[in-house]
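Structure, as structure tokens:
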Amino acid sequence: MMNSGIRNIQGMLLDVEAEHMGMQTVLHVYVSTEQGIERFTEAKFEPYFYISCQDKELKPKELARRLLEERFSGGTRISKSEVVHKKEGPLIKLYFRNVPELKIVRDEVKRFDFVRQRYEHTIPFARRYIIDNGLKPMQGIHVHANADQTIHSISPAASQQPVPEPRMGALDLEMFSPGKMASPEHNPIIMASLAVPRNAWVWCTRKELEQVDFVKVVEDEAKIIEGLAHAIRAHKLDIVATYNGDRFDLPYIKKRAEVLGTAFDVGFGKVKVQKRQLHASARIPGVQHLDCYQMLLLLNRLQVVNLIKFDLESVTASLFNEKKFKFRFNEINQTWETGKGLADLARYNQDDSMVTLRVAEKYLDLVIALCRLTRQTLFEVSRSSAGQLVEALLMNEAFAQGHVIPSTPSEETVKSRQMNPITAAYVKEPLPGLHENIAVIDFRSMYPTIMISHNISGDTLDCAHSECKTGKNLAPTNHWFCAKETGFMSSILDRILTERLEAKDSAKKAVKGSGEQKELEAKAQGLKILLNSFYGTLAYPRFRWYSRDAAQATTAFARHYIKQTIAWAEEAGFHVLYSDTDSLFLLANKQKKEDVELFVESVNKKLPGRMELEFKGVYARGIFVTKKNQGERGAKKKYALMDAQKNLTIVGFEYVRRDWCALAKKTQKGVLEHVLSEGAPEKAIRLVRQTIDDLKKGRIPVKDLAILKQIRRPLRKYAAIGPHVAAAKKAVARGKEMGTGSVVAYVITKKGTTISEKAELEEFVGEGNYDAEYYIQHQIVPAVIYILAEFGLSETDLMHGGKQSSLGAFA
DNA sequence: TAATTCGCTAGACCGA
DNA sequence: TCGGTCTAGCGAA
């Protein structure tokens with residue numbers, strides 16, 4: 001290779017970025033190597049999109065030729081055209097010199113009568129490049145590059161080739177902004193910290209901190225910014241993590257650098273702040289900016305974590321079970337002005353970047369697995385949604401299999417789809433009361449396995465073969481799916497399911513705690529996320545592969561199988577206590593655990609394809625309650641189970657809900673524990689009475705009385721002003737920022753008449769200022785009474801000890 | 001404009 | 001003031 005001047009580079013693909021230069025749109029490819037990040041430039045890849053055509057006289061080939069002669073705005077021309085054959089049929093592929101020209105033609109080509117549809121015309125150029133070359137971000141890559149870093153050829157590395165560990169760090173800033181929100185035009189950065197795996201530093205201008213070992217004292221603010229950028233470069237970081245860097249730290253440091261006449265440049269240019277769909281994002285050219293706040297929002301939606309509040313303190317408490325100290329705005333300003341406690345402030349700054357790094361490290365394997373599976377960059381994956389992940393995966397697959405990628409639907413189509421929702425699961429009303437020996441069984445990955453087993457996919461729907469119409473893939477909706485050729489979606493699901501089992505298997509065999517094992521576990525988790533998201537996207541109105549009929553068929557099959565299994569269970573002599581979507585709760589008459597196993601086995605023999613029933617376990621006792629409004633009906637989606645080892649599982653009850661105060665939840669859990677472990681309510685009643693007494697005597701700390709609820713729209717848009725909205729409005733009047741997405745922690749105080757009037761933000765409520773009557777009548781009693789009611793107790797019994805004597809002595 | 005629908009409940013709101 | 005209805009949020013799957 002040396003003789004031709006071509007270098008052969010191996011590394012990990014970090015990013016691809018499009019840039020318009022002269023008459024060309026080129027692509028910058030960023031690769032992490034042992035020497036650091038290298039940038040290569042691809043100038044041979046041409047932008048393109050497809051059109052489908054229909055014309056009575058002219059053939060596609062002639063139409064393609066004709067289009068070449070057309071002139072569009074600004075004299076724009078199509079640079080090349082050809083007819084290609086996708087699985088959906090022939091299409092005309094139009095090439096362009098650059099992306100702006102593609103955009104002009106894509107908007108104007110509709111004017112020709114023979115143009116029916118445009119395809120793949122909105123795919124970002126950088127994404128296009130990754131798809132067409134089969135590249136995998138955060139995975140090994142080979143680049144053959146000329147001496148000037150232009151790409152000669154590029155290809156993904158063989159999968160068995162080890163990928164180097166990415167180098168990651170995290171940064172955090174502190175500002176001086178007395179009395180108001182910091183604005184980069186006026187308020188300086190006073191401290192900046194950078195954390196790397198075993199080290200963390202703080203840059204600051206204050207001489208007083210010279211003795212603090214982790215502080216680097218510099219002469220002015222510009223040197224703070226430059227020092228930080230230099231350290232990122234010196235450590236060759238591939239990933240820089242922040243906490244809310246998209247909206248705060250990075251736009252701030254960029255603007256501040258401009259004001260000071262310097263730059264925050266870690267090697268390939270200034271930070272780029274982009275307005276994305278809903279909010280801004282900040283890109284550091286070359287380096288992957290991982291905003292942990294965005295990442296946690298995603299992981300929360302994917303149910304990998306369950307976070308309520310997203311400030312760094314709450315996150316630390318929830319993820320690491322650690323308390324983190326916090327400097328409030330005014331404390332930071334005060335410390336800076338007086339110079340008292342500067343070292344503590346520096347430590348706080350250092351701690352923030354260290355915690356951010358830990359959050360990033362905790363989920364890095366999973367996010368990287370998703371990058372590789374969906375072929376999106378870390379930057380993209382960490383800011384995406386479940387829908388985007390599946391969509392990205394399918395776009396890559398579609399290209400690889402020779403399908404044309406369906407376009408995103410028009411707003412009109414979206415609206416009409418929204419008007420027509422899909423019928424979902426079957427939920428059986430439970431028999432309320434205390435039950436013993438409950439066996440729980442469920443269908444493993446029910447929706448995905450139905451889709452695989454019945455070949456459910458948009459492209460197999462109502463196929464032309466007459467045999468398929470009456471075969472095994474005829475859904476209860478009377479639509480059918482091809483029994484001869486595997487569908488696009490179903491085949492991918494099949495592969496994902498197989499890969500997931502393999503990954504889980506290999507993880508078990510790998511060395512415990514090794515990098516390999518963690519990687520395999522993350523892969524399995526990533527695959528599970530994708531698997532579980534497929535059905536949802538099929539029914540998502542904005543999805544490229546939306547198919548109402550396919551989604552309807554999936555749920556119809558699901559209802560069929562669960563009802564069938566219920567019937568089989570009853571035939572086998574079990575009583576089916578409850579069922580929701582894919583699970584069954586069985587009450588044994590005389591049967592033993594082995595009989596349940598035999599039953600599961602017998603059902604599995606009858607189930608098609610990859611569908612599988614699984615025995616989850618037996619519980620010594622369980623309780624179902626009646627609905628609060630219609631007292632005779634059993635409440636669905638609400639139960640508590642206790643196994644022989646006294647482990648308690650609580651589902652759906654107030655205990656698992658954030659919009660009930662901690663005291664009510666704790667009391668409810670206590671009640672459930674008592675009644676399930678003893679089968680009788682005496683101890684539970686005593687606990688409730690004690691709690692009520694404590695409330696009346698003002699002994700309960702305010703933090704145990706806070707109720708959390710989210711503000712989900714602009715405050716002025718509420719038709720009904722509930723307590724959380726009222727509390728938020730009052731807080732805004734006091735100068736606090738409360739917008740869409742913020743979580744209100746409110747307490748019902750003594751002041752006011754309606755509940756909303758009494759509601760105040762927890763932080764404004766002094767100890768003892770709570771409405772005890774409200775908490776008794778609206779929190780404690782409602783949380784426990786319908787459990788105790790299953791033992792024949794009424795509210796009067798509970799409050800006044802009516803049945804005390806008959807239930808035994810308990811004072 | 002961020003995967004789905006089903007189900008439960010509190011508290012405001014509204015009209016008699 | 002009462003009872004029915006509507007709005008809103010959260011959780012299960």
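Sequence lines set the chain letters: A, B, ... in the order given, protein chains first and strands last, and positions in each chain run from 1.
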Taking [atom1] from [X] and [atom2] from [N], how many angstroms apart are they, rounded to a whole number?
X	N	atom1	atom2	result
I721(A)	dC6(C)	CD1	C1'	14 Å
R633(A)	dG7(B)	CZ	C1'	13 Å
Q668(A)	dT9(B)	CD	P	11 Å
E654(A)	dC8(B)	CD	C1'	9 Å
N420(A)	dT4(B)	CG	P	14 Å
R559(A)	dT5(B)	CZ	P	13 Å
D659(A)	dG7(B)	CG	C1'	14 Å
M489(A)	dT4(B)	CE	P	13 Å

When we call it a touch if two heavy atoms are under 4.0 Å apart, what does [X] touch: a base, just sugar-phosphate, or nothing?
X	result
P409(A)	nothing
F653(A)	nothing
E411(A)	nothing
Y447(A)	nothing
S583(A)	nothing
F443(A)	nothing
W545(A)	nothing

> Think K709(A) forms a cation-pi with Y746(A), using NZ or CZ under 6.0 Å from the six-ring centre and within 45 degrees of its axis?
Replying inline: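 No, a cation-pi geometry is absent between K709(A) and Y746(A).
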
> On the ring face of Y426(A), is K563(A) found with NZ or CZ under 6.0 Å from the centre and within 45° of the axis?
Replying inline: yes

Is the shortest side-chain N to carboxylate O distance from [X] to [Y] below 4.0 Å?
X	Y	value
D580(A)	K636(A)	no
R542(A)	E411(A)	yes
R610(A)	D494(A)	yes
D659(A)	R657(A)	yes
E391(A)	R127(A)	no

Compare side-chain N and O positions of [X] against OP1 and OP2 of [N] and report whether any pair is under 4.0 Å apart.
X	N	value
K628(A)	dA10(B)	yes
T423(A)	dT5(B)	no
R657(A)	dC10(C)	no
R658(A)	dC10(C)	yes
K636(A)	dG7(B)	yes
H778(A)	dA10(B)	no
Y718(A)	dG9(C)	yes
R713(A)	dA8(C)	yes
H724(A)	dA8(C)	no
K709(A)	dG9(C)	no
Y639(A)	dG7(B)	no
Y746(A)	dA10(B)	no

Of the nucleotides [options], which one has an atom closest to the side chain of [X]?
X	options	result
S385(A)	dA3(B), dA12(C), dG11(B)	dA3(B)
A720(A)	dA13(C), dC13(B), dT9(B)	dC13(B)
V651(A)	dG7(B), dG11(B), dA12(C)	dA12(C)
K637(A)	dG7(B), dT7(C), dT9(B)	dG7(B)
V427(A)	dC6(B), dC10(C), dA12(C)	dC6(B)
T581(A)	dC6(B), dA13(C), dC10(C)	dA13(C)
R712(A)	dA12(B), dC10(C), dT4(B)	dC10(C)

>> Taking only the P atom of each, what is the distance from dG9(C) to dA2(B) in whole angstrom?
In response: 16 Å

>> When the P atoms of dG7(B) and dA3(B) are compared, how many Å lie between them, rounded to an integer?
In response: 23 Å

>> I'd like to know if the side chain of N769(A) pairs up with that of T749(A) as donor and acceptor (distance under 3.5 Å, no hydrogens or angles considered).
In response: no

